[in-house]
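Below, chains carry the letters A, B, ... as their sequence lines are ordered, and counting in each starts from 1.
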Protein chains: 2
Amino acid sequence: MKDYKQEGSKGCEHCIWNNSCIGSKLLEYAPYIKIFQSHMLSVNEHVFNTGDILSTLYVIKSGAIKIYVTNDSGDEQVLNFSLPNDVIGLEGYDSDQYVSSAIALHTSSVCAIPLAEVKKILNEVVPEWLLKLALDNFKRHGRNISLLNKKKAKSRIAAFLIDTADNCKSLGCSGKDFELSMSRDDIGNYLGLASETVSRTLTQLQQEGWVKMERRQVTIVDIPHLSEAAQHR
Amino acid sequence: MKDYKQEGSKGCEHCIWNNSCIGSKLLEYAPYIKIFQSHMLSVNEHVFNTGDILSTLYVIKSGAIKIYVTNDSGDEQVLNFSLPNDVIGLEGYDSDQYVSSAIALHTSSVCAIPLAEVKKILNEVVPEWLLKLALDNFKRHGRNISLLNKKKAKSRIAAFLIDTADNCKSLGCSGKDFELSMSRDDIGNYLGLASETVSRTLTQLQQEGWVKMERRQVTIVDIPHLSEAAQHR
DNA sequence: CGGCGTGTTGATGTATGTCAAGCGGAGTGG
DNA sequence: CCACTCCGCTTGACATACATCAACACGCCG
């Protein structure tokens, strides 16, 4: 993306969104923020890429932006289509890199907000526990998407198992052994699969030797293979 | 759910999660909150139901809770499985009713937090624009789920069209006529379908007379039928 | 032991993916 | 202005993964 400082901005008072935009609210709240400029993007121009240093959030002023990630095999996974008034780039808030890529579908314009300023305000204003609550929700959002928009049952189930294991781990379990608390029916409903397919796929994963299962008790044996399966769409 | 005030609580200092729980952080931050009690749930007991008056949030202390909605035809749609330390009930924050149901998968225990207190704190502490940002994300989360875990292409596409129309409407368009900003490829990728399937399904929807399309220009003709199709899993 | 809920497995139909051909608008160059 | 190409989209033919229906196995509890 071009250096947005090159692009002059006349400030929010000249913007068509004037004071309805969420960015201008921020400015209102913290008027000392200086760098806050409008920037044009042409079709297929990236706003940011996965892995880029995350120092700026963007508010979309006009146009449409596609948010996506690419897996190791290089194929793309659309996470969202963002429209005017949306804030993008926030998903990586607690890392220092963008965790997704953003590309313009139309000629679009965005306003840049320095993340450092936002962080400062947030830390001043918002209690830490509350921030954690919000961020957890962001993350869950991303996880759910990546569970659900896979095409193959095997990928979904593998992703589901890994996700569940991660959850369990963050609650203090081993991360390899855990107990599913829900029925095959519930899993199927959640993942958009028939319960029979869940059942079959689980036995298949066992036959491959990637997991062991006894009723709802799960042991993950081969994390690499399971992760790889989870990547495939 | 039983009246949680019946269930004595010894307070957070006796809880196994002691001060790591997000609820206790809230208590720390606003010590005047009195009603904050632990409550046991047996298997298949509801924490709350869609449509119930939303006056309480719950922090899960132990066990597992299934969050789901039911459509008009009565069939269930699992949105999430919530685990200890998760906060549930928040999705309806800006309505006054729960927008989903929550049922215990195991014997579980939860702590109740009066939403009024939380709202008071939030309003004192968090700028409105920031709250909106977080809530928008909650909503998008829910929308994405309901787009993605449908089984049939027709449902997904119908839901996608309605969602897009709604988005457009909230940006000031008619809500019936709008332009898709993304390719069939992108739509398919987003919805977990092949682009050919997107194409075919769109022409099918046209043949049914529910939408008119010309390239990326969409006119929604029969909202009732389209919505009905969107409901079906 | 017998019944019930949950999970597994098999047989079959169907929706969707995949491959491939062709269409049509948009842009380009003569 | 027309011919040409390119790209996105559509349509068709076929393969396949999954849903559905049904039978059965297993653990659980009375």
Between atom [atom1] in [X] and atom [atom2] in [N], what is the gap in whole Å?
X      : N      : atom1 : atom2 : result
A/Q217 : C/dG7  : CD    : P     : 14 Å
B/Q204 : C/dA15 : CD    : C1'   : 11 Å
B/K152 : D/dA17 : NZ    : C1'   : 14 Å
B/R156 : C/dT16 : CZ    : P     : 9 Å
A/Q206 : C/dT8  : CD    : P     : 8 Å
A/M213 : C/dG7  : CE    : P     : 9 Å
A/E214 : D/dC26 : CD    : P     : 13 Å
A/R215 : C/dT6  : CZ    : P     : 10 Å

| task | Describe, in one word, how the ring planes of A/F160 and B/F81 are oriented to each other, choosing from parallel (under 30°), tilted (30 to 60°) and perpendicular (over 60°). | result | perpendicular

| field | Contact residues, residues 185-201 of chain A to DNA chain D [heavy atom, < 4.0 Å] | value | A/G192, A/L193, A/A194, A/E196, A/T197, A/R200

| task | Examine distances only and state if a side-chain atom of B/T201 and a backbone atom of B/T197 form a donor-acceptor pair shorter than 3.5 Å. | result | yes

| query | Does B/A64 offer a backbone N or O that forms a donor-acceptor pair with the side chain of B/S108 under 3.5 Å? | reply | yes

| query | Side chains of B/S62 and B/S109: do they bring a donor and an acceptor to under 3.5 Å? | reply | yes

| field | Donor-acceptor side-chain pairing of A/S42 and A/T107 below 3.5 angstrom | value | no

| task | For a side-chain contact (heavy atoms from CB on, under 4.5 Å) with A/I60, tell me which candidate from A/L83, A/N85, A/I88 qualifies. | result | A/I88

| query | Base, sugar-phosphate, or nothing: which does A/R216 touch, judged by heavy atoms less than 4.0 Å apart? | reply | sugar-phosphate

